[in-house]
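Have a look at the structure below before the remarks.
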Amino acid sequence: MKLRVFIHEHPHVFHISLASFLAINALSMTPSALPLTMTLAILLLYAPRLFNRDYGYTALLWLSVSLFGSIGRVAPALSALSTSGTSIAVVLVAASITSALAIAGVAIDFFACKKWGSAYQIVVFPAIWSSLWISSSFVLPLGRLPSWSPVLGVQGYDWMLPWVGPGGIDWVVGAWAVVISQAIGSWFMGNPDEDDSVRSQPTGRTVLAVILAALTIPSFLSSGLPLPVSPSGSITPLEVGCALPPFWRTNHTTPTVEDYITHSRTLTSAKIVLWPEGAVSFRNASEKEAGLLDIATKIGAQYTYWAVSFEEDINDVRHTGVALLSRHSDGPRVEMEYLKRHLVPVAESSYLTPGTQPPPLYSFPLSPPNHYKGEWAENKTRPISLTSSICLDFAMPSPFQDLTSKPALILAPARTWDPAIGRRMWEEVKQRANEIGSIALWCDGGKGGVSGVAGGGYNDVYQVSEGSWSLTIGIRYPFDSTRTLYARFGDSLVLLASWVFVIGPSIIWRFGPVAHRAHVLAGVFGVQILEKIGVRRGRSENLIDFES
C-alpha cells in the first residue's frame, strides 16, 4: 500500500529512477531478456503520465536512461580508439540515439492506443518494437550491437530463429513487456467495482501470456544438442581448428606468419584451420598472390584447408579479408576469398575500405576418416559447403541473404579488442549461425578473445585468449542445403505478420455482417479473436486511462 502511495505521489521519481537502474543491466554489452523486458514495461507504464501531461520529463528520462545504459559499455570501448575521450563520446552518442528510438516507440504506441483503445496494445506495441529494431539495424553503423535486443535469456525462443530471425525475438520481448506492464497497471489501479463474472473472463494480456508461454514448448521437445561425431552413413565428422599462437611461446608480441604456419601444422587431424582476423599483411597485389601460395605450400596434407585472414594494401586501398587455401598434387590453390564488408566506425573505417561482394560459397570434398570401413559415398568423398564472414559483419542483419543454398560451415575470423566485446560478438555469431541453420567456426585473436564453434547445438565458448585448438563436429549426410525461411525472406515476414495482426482484423471488421465468417477466421491473426473469448472492444486491459 505504501508503494502505491509513493508511486502516486512521486510518479516521475519512481519511473525514471527504476527505468535507469534497470537499464544498467538491460543495455550492457550482453543484454539479458528479463531486465530489458522489465525496463520496457516500466516505460509503458510511465507513458500515460509522461506523454499525456508532462512532456518536460521526456528529456530527463531520455538523458537518464542514456547515461545509465552506457555504464556497461564504456569500459569495453575505452581501448577501441586512440583516445578514451573519443571512445566515451561514441558510446554516449550511440546510447542517446537508441534510447531516443526506444522512447519514441513507446510514444507511438501510447498515441495509437489512445486513438484506437488500449485493448489493441497487445498487438500494436510488439509490431512497433520489432519494426523499430529491424529498421534501425539497416541504418546504424554498428548494426544490431547498440539495439535494445536481448542476446541472453531467450533460450526458450531460440528455435524461432530459423523462421523469424532476431526480429521475432524483439516481437516476443515487446509482447512480454505489454503483458507485464498491463498486469502491474491492473494491480496499481485496482478495480473493486468489477464483478466476479467479468473478472473471471480471460483478458487480452492473459491470452497473450499463454501464447508466449506456449511458444517455448518446442524448446522442451528438442534436445538442443549437437550431432554425434562418430562417422556413419548419416553423420560426417569434420575436425576444425583455430590457429592462435600463444605469445609466450612465439617470443613475439605479435605472432608472425611462420608462427601461424608452425601452429597450423600441429593441428594435424584438422581438415580446416582458421587464422584470426588480420593475421598476415600484404603491401601489394603481387606480394599477396605470392604470399598466399607460399603459405599454401606449407599445408601438411592434401584435402586439408587453411583459411588465412589478411590485410591487404593494393593501390592505396586497404581491405581486411580471408582466403581459403589448399594444396593438391598439382600445386597450391586459393579456393575462395572474401573481403570484410562492415567496418568498426572510426576505429577501422579511418584506414580500411569495406568490401562490396557478398560471401562466396565453396564446396570441398571430404574423404573418409582413416581406418573407417563403413559406407561413405560413391566417389569416396562427401561435399562440405563453406562460406565466410568477418567480425562486425555478424552484427548486421542477414549477412548471408545472397547465398543460394545453406552452408554447412561458416568461417568466422575476428580480432576483438576487449573480452566484453568478444563475448557479445560470440552471441551475435551464434544467432546468425542458428538463423541460417549452419555452424560457425569463430577464431578470435584479440586480447582475451573467446573462440569456439557456434550454432547447430554448440552454445558454449571453447577457449578464452590465445592457444591453438581443434574440435570435431558432426554434419548430417546427405547435408540438407535448403535455406531456412529466414534466410530466404529475411525480416520481411516478421514485419508483414506483425502488422497483419494489427491491421487485418480491423479492416475485416468494417465489412460488417456480410464478412462475419471471414472475420471469425481472420480473428486468429489479431486482437479480434480475443474479443470472442472475453475481451470487450475498446476496454482498457491495464486499467490505465489513456483518454485522460
Side-chain angles (χ1 to χ4, degrees), residues 24-25 27-32 70-84 86-88 90-91 94 142-146 151-152 240-256 259-260 263-264 267 273-280 307 309 311 320 322 340 342-348 389-395 410-433 440-455 458-471:
I24 297 175
N25 185 283
L27 305 181
S28 66
M29 281 307 305
T30 50
S32 186
S70 300
I71 291 177
R73 299 178 182 239
V74 168
L78 288 178
S79 56
L81 303 176
S82 57
T83 61
S84 58
T86 305
S87 300
I88 294 173
V90 170
V91 170
L142 292 175
R144 297 193 63 86
L145 287 186
V151 295
L152 301 177
V240 296
C242 171
L244 292 174
F247 300 154
W248 59 274
R249 293 185 61 182
T250 62
N251 296 322
H252 307 104
T253 55
T254 301
T256 65
D259 291 329
Y260 282 108
H263 278 262
S264 297
L267 304 174
V273 178
L274 178 61
W275 295 14
E277 182 179 2
V280 296
S309 183
E311 279 193 11
T320 292
V322 60
K340 184 177 182 179
H342 299 94
L343 306 175
V344 178
V346 184
E348 290 182 334
S389 210
I390 302 176
C391 205
L392 190 63
D393 288 335
F394 286 93
I410 305 168
L411 304 176
R415 189 176 297 276
T416 57
W417 61 88
D418 185 89
I421 300 291
R423 180 58 191 272
R424 173 59 187 269
M425 287 307 306
W426 163 262
E427 297 297 334
E428 294 291 337
V429 169
K430 186 164 56 177
Q431 280 197 2
R432 299 297 88 78
L441 172 59
W442 176 251
C443 186
D444 186 352
K447 183 179 180 181
V450 300
S451 300
V453 173
Y458 294 93
N459 297 303
D460 299 325
V461 171
Y462 185 80
Q463 180 174 284
V464 179
S465 196
E466 71 269 7
S468 300
W469 57 270
S470 64
L471 179 68

| Can you name the closest pair of heavy atoms from W469 and Q463 and give their distance? | CD1-NE2, 3.4 Å

| Closest contact, heavy atoms only, S309 versus P276 | CB-O, 3.1 Å

| Spacing of CG belonging to D418 relative to CZ belonging to R423, to within rounding of 0.5 Å | 13.5 Å

| query | Do N459 and K430 have side chains that get closer than 4.5 Å, going by heavy atoms? | reply | yes

| remark: When rounded to the nearest 0.5 Å, the distance separating CG of D259 from OG of S264 is 10.5 Å

| With side chains defined as the heavy atoms from C-beta onward, is the minimum distance between L145 and L392 less than 4.5 Å? | yes

| query | How far apart are the closest heavy atoms of A433 and G455, and which atoms are they? | reply | CB-CA, 4.1 Å

| message | Measuring from atom CZ of R432 to atom CD1 of I410, what distance do you get when rounded to the nearest 0.5 angstrom? | response | 10.0 Å

| Spacing of L274 atom CG and D444 atom CG [to the nearest 0.5 Å] | 10.5 Å

| query | Is there a side-chain contact between E466 and S451 (heavy atoms, below 4.5 Å)? | reply | no

| note | For P245 and S468 the tightest heavy-atom approach is N-OG, 4.0 Å

| request: Calculate, to the nearest 0.5 Å, the distance between atoms SG and CD belonging to C443 and E277 respectively. | output: 11.0 Å

| request: Measure the acute angle between the ring planes of W275 and Y260, then classify it against the limits of 30° and 60° as parallel, tilted or perpendicular. | output: parallel

| request: Check whether any side-chain N or O of T320 sits under 3.5 Å from a backbone N or O of E311 as a donor-acceptor pair, and report yes or no. | output: no

| task | For a side-chain contact (heavy atoms from CB on, under 4.5 Å) with W442, tell me which candidate from V450, V453, V461 qualifies. | result | V450

| remark: For G422 and T416 the tightest heavy-atom approach is CA-OG1, 3.6 Å

| message | Measuring from atom NZ of K340 to atom CD of E348, what distance do you get when rounded to the nearest 0.5 angstrom? | response | 3.5 Å

| Minimum-distance pair of heavy atoms, taken over all atoms of M425 and F394 | CE-CB, 4.1 Å

| request: Let me see the working for L244 and H263 under side-chain contact (heavy atoms from CB on, under 4.5 Å), right down to the final yes or no. | output: CA-CA 8 Å; L244 292 174; H263 278 262; over 6 Å; no

| field | Flag, side chain of S70 to backbone of R73, donor-acceptor distance under 3.5 Å | value | no

| message | One pair to check against salt bridge (charged side-chain N to carboxylate O under 4.0 Å, His left out): R424 and E427. What are the steps and the verdict? | response | CA-CA 5 Å; R424 173 59 187 269; E427 297 297 334; over 6 Å; no

| query | Side chains of S28 and N25: is there a donor and an acceptor less than 3.5 Å apart? | reply | no

